[in-house]
Amino acid sequence: MLDLKHLRENFDAASTALARRSPEAAAALAPIRDLDARCRALQIEVDALKNHRNVASKEVGARKAKGQDASAQIAAMKEVGERIASLDAQLREAEAAREEKLLFVPNLPHTSVPDGAGAEGNREVRRWGAPAQFDFAPKPHWELGEKLGILDLPRAAKISGSGFACLRGAGARLQRALLDFMLDLHTKQHGYTEVWPPVLINAKAMTGTGQLPKFAEDMYALKDDPLWLAPTAEVPVTNLYRNEILRIDQLPIKMCAWTPCFRREAGAAGKDTRGMIRVHQFDKVELVKIVAPDQSYEEHESLVRDAEAVLQALGLCYRVMLLCAGDLGFCAAKCYDLEIWCPGVNAWLEVSSCSNFEAFQARRMNLRVKDAEGRNAMAHTLNGSGVAFARLNIALLENYQRADGGVVVPEALRPYMDGLAEIR
RNA sequence: GGACGGGUGGCAGAGUGGUCGAUUGCGCACGCUUGGAAAGCGUGUUUGCCGCAAGGCAACGAGGGUUCGAAUCCCUCCCCGUCCGCCA
């Protein structure tokens with residue numbers, strides 16, 4: 001959510017910044033100015049009337065205490081009370097209308113974010129490693145996985161439907177090893193605290209991190225309870241501190257969490273249907289930071305490095321993409337994607353999205369910091385995958401495959417797999 | 001799921017219709033005192049909104065109601081505790 005006070009002074013600048021995302025983004029902001037003016041006019045009027053009532057009610061009390069008659073004041077205030085009730089209702093309505101619109105306005109892109117309308121406008125900022133070379137035609141993961149008996153897509157479809165995967169044997173073990181490895185790396189090397197959160201989420205938390213109200217159709221909802229399945233651990237972990245005022249010396253708060261993630265992929269029908277590039281359920285290790293407002297851009301850079309460390313330790317060739325304004329997620333002010341080269345599907349696959357939300361989420365969830373002078377300010381929140389599954393599995397299978405269909409286990413994972421060096 | 005008891009400021013804990021945004025204690029900050037500290041004394045110490053300002057409005061789990069006036073009375077919901085039931 002954008003800052004109303006800031007918008008009052010900088011409405012046109014905000015509108016221009018949103019136009020860098022899309023015409024729709026700027027249009028979403030347009031009605032806010034008038035709605036806000038109406039709120040303020042009503043508030044001034046109703047506050048004055050309430051003051052009148054408060055003064056008069058005290059007088060009633062004083063007269064009664066002295067045994068005097070107060071029926072004239074009481075009669076007069078009855079009318080004022082009705083007027084207040086009517087204006088209050090109008091004010092609440094106006095505020096709700098303003099809030100409703102504001103919740104659909106995306107964040108302002110940071111000045112360091114390049115222009116661009118879509119993925120083609122993203123800028124590669126660095127690359128690590130070189131694409132693996134093969135003296136045979138590398139196979140896609142679904143062929144490798146099926147032949148090794150570690151990936152069973154047909155049976156997963158039998159119990160859930162298309163877009164679900166089932167890992168078996170060494171495939172399941174590999175995933176567990178990866179989770180363990182990533183959590184160890186982030187907790188022991190990078191200073192994150194491990195968190196195990198709920199993944200059934202209420203509407204307030206979903207609104208706090210920006211999934212609701214705009215993206216309801218992207219998520220799974222429960223039939224008999226007002227709860228949603230988490231699309232990412234970002235939601236429960238960031239919302240841990242919803243409605244709190246943190247002391248500056250508590251920051252930065254760095255948390256990592258392994259959770260399953262559930263996505264309907266409603267807008268992606270027909271895309272990436274083969275294999276497990278795009279699935280409805282996957283595991284992910286997520287990194288979340290809550291930081292002081294003046295630290296968030298430094299913390300953003302180090303967050304990306306923390307995620308990259310996973311891929312480097314696994315020896316996977318990847319590139320870091322700075323997203324352009326048109327490709328930026330709804331809440332993000334700035335975002336880097338990490339993409340791994342996958343030779344089987346012949347594509348760069350996104351395994352991490354590292355975003356700085358500045359105060360956008362904090363404002364929605366009322367998450368504040370008290371600085372050394374005792375002033376409260378909205379905290380800044382960040383998160384990034386460190387990293388996300390399904391695609392990480394794909395990358396390992398496809399990059400470490402051998403001509404005979406076996407898959408080499410990277411050194412870093414062998415301690416987590418009883419020393420296993422190759423899946424065959 | 002059933003029964004009962006609770007939810008008030010950083011914490012503890014008063015307040016059951018009228019100068020209560022809230023007694024008090026602890027904690028914390030600043031000042032005085034001191035060679036320095038402790039003690040003591042004094043002052044201050046929730047948050048949001050409106051307003052150029054003076055100042056005003058709102059909030060005692062959330063939402064509704066009664067009333068001229070609600071922390072206080074009524075209703076609904078949420079959360080916590082205890083006991084019972086069920087259960088991994």
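Each chain gets a letter, A, B and so on, in the order its sequence line appears, and its residues count up from 1.
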What is the nucleic acid contact for A:Arg363, judged by heavy atoms within less than 4.0 Å: base, sugar-phosphate only, or nothing?
nothing

Check RNA chain B against residues 40-52 of chain A and give the residues with a non-hydrogen atom under 4.0 Å, in numerical order.
A:Arg40, A:Gln43, A:Ile44, A:Asp47, A:Lys50, A:Asn51

Please report the distance, rounded to the nearest Å, between CG in A:Leu246 and C1' in B:rG10.
13 Å

Ion pair A:Arg21/A:Asp327, N-O distance below 4.0 Å:
no

Which parts of nucleotides 70-75 of chain B does protein reach within less than 4.0 Å, heavy atoms only, written one letter per nucleotide 5' to 3' as B for base, S for sugar-phosphate only and - for none?
------

If you measure from the P atom in B:rU8 to the same atom in B:rC73, how many Å do you get, rounded?
16 Å

Establish, with yes or no, whether the OP1 or OP2 oxygen of B:rG10 is under 4.0 angstrom from a side-chain nitrogen or oxygen of A:Lys370.
no

Centroid-to-centroid, A:His380 to A:Phe360, below 6.0 Å?
no

What I want to check is whether the side chains of A:Lys289 and A:Ser302 have a donor and an acceptor closer together than 3.5 Å.
yes

Base partner of B:rC57, which must satisfy Watson-Crick or wobble distances under 3.5 Å:
B:rG48

Under 6.0 Å from the six-membered ring centre of A:Phe104 and within 45° of its axis: does the NZ or CZ of A:Lys214 meet both?
no

Of A:Ala75 and A:Ile245, the one whose nearest nucleotide on RNA chain B sits closer to the 5' end is A:Ile245

Keeping to residues at least two apart or across chains, list the salt bridge (charged side-chain N to carboxylate O under 4.0 Å, His left out) pairs with something in residues 96-109 of chain A.
A:Asp36-A:Arg98

Mind calculating the distance between NE2 (A:His6) and P (B:rC49) to the nearest angstrom?
16 Å

Test item: side-chain donor near acceptor, A:Lys334 and A:Ser355, under 3.5 Å
no

Can you label the angle between the A:Tyr297 ring and the A:His300 ring as parallel, tilted or perpendicular, going by 30° and 60°?
perpendicular

Mind checking the P distance from B:rA58 to B:rA14? Whole angstroms is fine.
28 Å

Checking N1-N3 plus N6-O4 or O6-N4 for Watson-Crick, or N1-O2 and O6-N3 for wobble, each under 3.5 Å, the partner of B:rG10 is B:rC26

Verify whether one side chain among A:Glu358 and A:Asn107 offers a donor that lies under 3.5 Å from an acceptor in the other.
no

In this structure, how many angstroms lie between the C1' atom of B:rU47 and the CE atom of A:Met378, rounded?
11 Å

Name the pairing partner of B:rC41, where a pair is Watson-Crick or G-U wobble with both distances under 3.5 Å, or state none.
B:rG31

Between A:Gly61 and A:Arg368, which is nearer to the 5' end of RNA chain B once each is assigned its nearest nucleotide?
A:Gly61

Compare the minimum distances between each of B:rC49, B:rC68, B:rU19 and the side chain of A:Lys5, then state the nucleotide with the smallest one.
B:rC49

In whole Å, what separates the C1' atom of B:rG15 from that of B:rU72?
8 Å

Expressed as a whole number of Å, how far does the C1' atom of B:rU23 sit from that of B:rC74?
28 Å

With a 4.0 Å cut-off, would you call A:Lys5 and A:Asp3 a salt bridge?
no

What's the separation between atom CD in A:Glu194 and atom CE in A:Met255, rounded to the nearest 0.5 Å?
13.0 Å

Measure CG/A:Asp224 against C1'/B:rG1 and give the value in whole Å, please.
15 Å

In Watson-Crick or G-U wobble terms, with both distances under 3.5 Å, the base opposite B:rG36 is none

Roughly, in whole Å, what's the span from CD in A:Glu244 to C1' in B:rG10?
13 Å

Decide yes or no, distance alone: a donor-acceptor N/O pair under 3.5 angstrom between the base of B:rG69 and the side-chain of A:Lys58.
no

Between A:Arg83 and A:Glu45 (salt bridge meaning N to carboxylate O under 4.0 Å), is one present in this structure?
yes

Pair assignment for B:rU67, Watson-Crick or G-U wobble, requiring both distances under 3.5 Å:
none

Which nucleotide, in any strand shown, forms a Watson-Crick or G-U wobble pair with B:rG5, with both distances under 3.5 Å?
B:rC80

With P as the reference atom in both, quote the distance from B:rA71 to B:rG63 in angstrom, rounded to an integer.
13 Å

Could you state the atom-to-atom distance from CE of A:Met77 to P of B:rG18 in whole Å?
20 Å

Looking just at side-chain N and O atoms, do A:Thr209 and A:Glu234 make a donor-acceptor pair shorter than 3.5 Å?
no

Rounded to whole Å, the CG-P distance (A:Asn202 to B:rC79) equals 10 Å

Is the phosphate of B:rA58 approached by A:Asn54 (side-chain N or O, under 4.0 Å from OP1 or OP2)?
yes

Can you tell me how far C1' in B:rC20 sits from the matching atom in B:rU46, rounded to whole Å?
15 Å

Rounded to whole angstrom, note down the P distance from B:rG13 over to B:rC52.
44 Å

Distance check needed: B:rA62 C1' versus A:Asn366 CG, whole Å only.
15 Å

Expressed as a whole number of Å, how far does the P atom of B:rU16 sit from that of B:rA88?
48 Å

